[in-house]
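For reference, the structure is listed below as C-alpha cells.
What you see is a predicted model; the values in this text were computed from it and never measured. Just the heavy atoms: all of them, side chains too, but no hydrogens, waters or symmetry mates, feed the values below.
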Amino acid sequence: MFGLDGRPGIVAAMAGNHDLDDMTMNPTEAEAARRPQSHACIQSYLATLDNSPGVYRMLDAQARVLYVGKAKSLKKRVANYAKPSGHSPRIARMISETASMMFLTTRTETEALLLEQNLIKQLKPRYNVLLRDDKSFPNILITTGHPFPQITKHRGAKAEKGAYFGPFASAGAVNRTLNQLQKVFLLRNCSDSVFDSRTRPCLLFQIKRCSAPCVGRISAAEYARAVRDAERFLQGRTTGVQEALAAEMAAASDAMEFERAAALRDRIRALTQVQSVQGINPRGVAEADVIALHMEGGQACVQVFFIRANQNWGNRDYYPRTGSGAEPAEVLRGFLGQFYENKDPPRLILLSDDIEDRDLMAEALSERAGRKVEIAVPQRGEKADLVAGAARNARESLARRLSESVAQGKLLAGLAEAFGLEAPPARIEIYDNSHIQGTNAVGAMVVAGPEGFAKSQYRKFNIRGTDLTPGDDFGMMREVMTRRFQRLLKEDPDREGETWPDLLLIDGGAGQVGAVAQIMADLGVEDIPVLGVAKGIDRDAGKEEFHRPGQRPFALKHNDPVLYFVQRLRDEAHRFAIGAHRQKRAKAVGATPLDEIPGVGATRKRALLAHFGSAKAVARAGLADLKAVEGISDALAETIYGFFHERG
C-alpha cells in the first residue's frame, strides 16, 4: 500500500487468534470481553506511525471494513482510539469489533479528506455515514456552435459546448421552467438533425412555443437577441428582460401592430409566471445550496435547496445512513463530502449545523471546483431564514417517512404471514419483461423494502440472446435472472452486502415461477423464496392468483391490504419495464446505418444527412461525392464507401 506522495503507507497485519468464545456470552458481555484485546491491537500500531496526515481503516476479525476516517496526524488519532475509556457508545462498540487496521499516508489533510470520502463510497463501512443516492441533477443547456442555438434539458457530464444553468432539483422542475421559457423566448428545442430536415414549421410554432428558425420565420440576429434575453433571465437579470419586452410591446401598440403587441403581452405574462412558480426568491443570495439536517428515531433527513440566479430552483430530500448512531455534525460532514463528489459545488453552502473542520471541507471543495467555495452557518438575516425553511422541510419529510415506514413494516409483516416467509423481507425484487412481438425486448427489476421503493436500485436488462424465439417470455426471464445472480455471486458470494433479495416476485404464473426456480437451482441459489403473481379469472385486478414452486396456486381476499400491496409492486415493475422498452424503441426508430460506421459521430452524421438528405442516399453515393461533404476527410469517405459497398 502506498501513500499519495509515493511513500510507502503502513499496512496492518491481522490480530492474533481470539481465545474468547463469544457464542457463550450475550452481546454486551462479549463486547466488554473483546474491548481490552481490541485496545491492545490498536495500541500495537503506535510504534510504527508518525504524525503524517492520512486515512485509516478499522477492520473486524473477518477483514471487513468497519470504519474509514481521515486524520491530520495518524499517530495522534490512533492514540486516541487506544485509550481504554472516554469514548461514545458508538465508538466504543466500533473499537470492540476492531481486529486490525490499515493506513494510507497523504501529502496534506485536504487530500486525506478527499480520499476518505472516496473510500467510504466504495467500501460502504457500517460505522460511516453513507449517502445512498448519488444521482446527478439536470441542467438547462443553451447550445453554441449553431446559428440558431437549441435550449434543452441536460443531465450528466457537461461535454457538449454551450451555457449550462442549474442544477435543478428534478426533471419536473426543469421541464416546467423550459415550458415557460419556450413561451417567453420562443427558442427551439429540436435536435440539429431535425432542425436541418424541416421544410415547414412544426406544431410548436403553431401553438406559439417556437419562432420557427428552421424555415426562416425569424432572422439570425433577432433569434440571437432572444437567446441573450433567455440567458439573462436564467442568470437572474429578469428586470431588464421584462423592461425590454414592455418597451417593445408599447412600440408595437403605438405602431398599431396589435397582433404583435398581444403576442408580447402574452410573453410578459409567461415570464411573470416563471418567476412566481420559483417559490422563495432571495434577494441577497445569488447562488447557494441550503442544506439542513433533522435527526429523529435513529434516522436522518437532509434537505437541500438550490438557489441560483436569486431564484429557488427546487429542493430534494435525502436519507443518509447514520453510521450506527453518528452525531449530527458527523452526519452533515459525511453528507457534504459524498454529495459533492460528482457535482459542482456552488460558491456558497449554507448549513443548519456546524461541522468539524469546516474550513478544511471548504478548501477541499474549492480545490475540486477550481474556485473559492464558502461554507457558512448563518445565525440571522435572510440566509438564516432560508436555512430555517430547509430545516422545517427536513423535519416534516422525516416525519412523513417515519410514518410511512411504520405502515410499510406492517405490510411487509402481512406479506410474510400470507406467503409463509420466515421473516418480513428487507429487500423484494420484482421482475417483468416488455416487448412488442419480441422486438426491443427489455427486462426490468424493481426493488422495494422497509422504506418503500428503492428507485436508485432499479435495473433494466437489454435482452441480448440471439437464439430466443420472438416473444419467448421464459427465455427472456431466464437471461435476466441468470445475468442478475451470476453477477451477485461474483461480487458478493458471502452475501455480506445489502443487494441480496429476501423475496423474488415474478409477474407471471406457474410457468414463469417454475422456470425461475430452475434457474436459481442451476446457479446453486435455492434459499430465496420465489412468488409469481398472475391475473386470475377474466384477468381482473383483485382476482390475482399466486404461485409458488411445487405448490397449488391460491388467492387472497379481495379486500386484503397485502393484495393491494402486491398489486402496487407488480404495477411498478410493469411501469418501469414499459418505460425502458419505449426508450429503447424510440432510440431504435432514430437509428441509421451511419451509427455503425467507425469515425462517424453526431456532427459528421448531421453533415452527411444534410448533404444527401437520407441514409439511403449516403449508401448510394459515390466516393467522390462523399469526399465533397464538409468535414469528411478522404480516409473517412473511403471508410464510409467501403462500409456500404461491403454490405452490398
Side-chain angles (χ1 to χ4, degrees), residues 1-15 38-60 63-88 90-130 322-338 340-341 354-368 375:
M1 188 72 67
F2 290 88
L4 296 183
D5 55 359
R7 292 184 293 139
I10 305 168
V11 183
M14 294 295 296
S38 297
H39 281 291
C41 166
I42 295 172
Q43 181 85 31
S44 67
Y45 294 112
L46 291 175
T48 55
L49 289 173
D50 58 21
N51 288 314
S52 299
V55 173
Y56 59 92
R57 282 178 266 184
M58 307 181 82
L59 293 81
D60 66 10
R64 293 174 299 200
V65 180
L66 297 170
Y67 184 78
V68 174
K70 66 90 188 167
K72 184 177 182 179
S73 165
L74 286 171
K75 189 179 185 71
K76 290 179 181 178
R77 178 59 57 88
V78 174
N80 185 57
Y81 283 124
K83 294 178 182 177
S85 61
H87 304 290
S88 68
R90 168 175 168 262
I91 299 301
R93 191 165 62 249
M94 180 179 72
I95 290 173
S96 72
E97 296 178 27
T98 300
S100 63
M101 296 184 71
M102 297 177 68
F103 305 92
L104 185 62
T105 58
T106 60
R107 283 190 297 267
T108 65
E109 192 180 2
T110 302
E111 282 185 355
L113 176 62
L114 295 173
L115 178 59
E116 174 201 36
Q117 299 304 325
N118 289 337
L119 288 174
I120 290 172
K121 294 277 279 190
Q122 177 185 344
L123 301 173
K124 300 178 175 58
R126 177 154 41 107
Y127 285 97
N128 280 102
V129 174
L130 180 65
T322 58
S324 300
E327 295 298 316
E330 186 177 350
V331 172
L332 205 51
R333 174 185 170 277
F335 176 85
L336 282 180
Q338 295 170 53
Y340 290 112
E341 182 190 22
D354 207 353
I355 61 173
E356 181 186 358
D357 299 329
R358 192 205 315 171
D359 292 340
L360 180 66
M361 179 65 73
E363 181 182 339
L365 294 180
S366 299
E367 184 177 309
R368 183 175 288 168
I375 301 177

Quick one: side chain to side chain contact (heavy atoms under 4.5 Å, CB included) partners of [X], sequence neighbours excluded?
X	value
E363	T110, L360
K83	N80, H87
N51	S73, K75, K76
N118	E341

[atom1] of [X] to [atom2] of [Y]: how many Å apart, nearest 0.5 Å?
X	Y	atom1	atom2	result
S366	I375	OG	CD1	8.0 Å
Q122	K124	CD	NZ	8.5 Å
I95	I42	CD1	CD1	5.0 Å
Y67	I91	OH	CD1	6.0 Å
L66	L59	CG	CG	6.5 Å
L114	L119	CG	CG	11.0 Å

For the student: nearest non-hydrogen atoms of [X] and [Y], plus distance:
X	Y	answer
R126	S324	O-OG, 3.6 Å
V68	P125	CG2-CG, 3.7 Å
A99	C41	O-SG, 3.1 Å
G54	A112	O-CB, 3.6 Å
L115	L104	CD2-CD2, 3.2 Å

Side chain to side chain, [X] and [Y], heavy atoms closer than 4.5 Å:
X	Y	value
E109	D357	yes
P53	E111	no
L113	R333	yes
Y127	M58	no

(request) Please report the C-alpha distance between F103 and V78 in whole Å, then the side-chain angles of each, then the deciding distance to 0.1 Å, and finally whether the side-chain contact (heavy atoms from CB on, under 4.5 Å) criterion is met. (result) CA-CA 10 Å; F103 305 92; V78 174; 3.5 Å; yes
(request) List in chain and number order the residues that pass salt bridge (Lys or Arg N to Asp or Glu O under 4.0 Å) with E330, two or more places apart in sequence or in another chain; answer none if no residue qualifies. (result) R90
(message) Less than 3.5 Å apart, any donor N or O on the side chain of Y45 or Y56 sitting next to an acceptor on the other?
(response) no
(request) Mind checking ring pair (Phe, Tyr, Trp, His ring centres under 6.0 Å) for Y340 and listing every partner two or more places apart, or none if nothing turns up? (result) none
(message) Treating R77 as the side-chain partner and G69 as the backbone partner, does any N or O pair qualify as donor plus acceptor under 3.5 Å?
(response)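 Flag not set: sc R77 to bb G69 has no pair under 3.5 Å.
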(request) Using modelled atom types only, decide if a donor and an acceptor are shared between the side chain of N128 and the backbone of L130 within a distance under 3.5 Å. (result)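 Answer holds: no.
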(request) Show the numbers, then the answer: is there a side-chain contact (heavy atoms from CB on, under 4.5 Å) between T106 and K70? (result) CA-CA 10 Å; T106 60; K70 66 90 188 167; over 6 Å; no
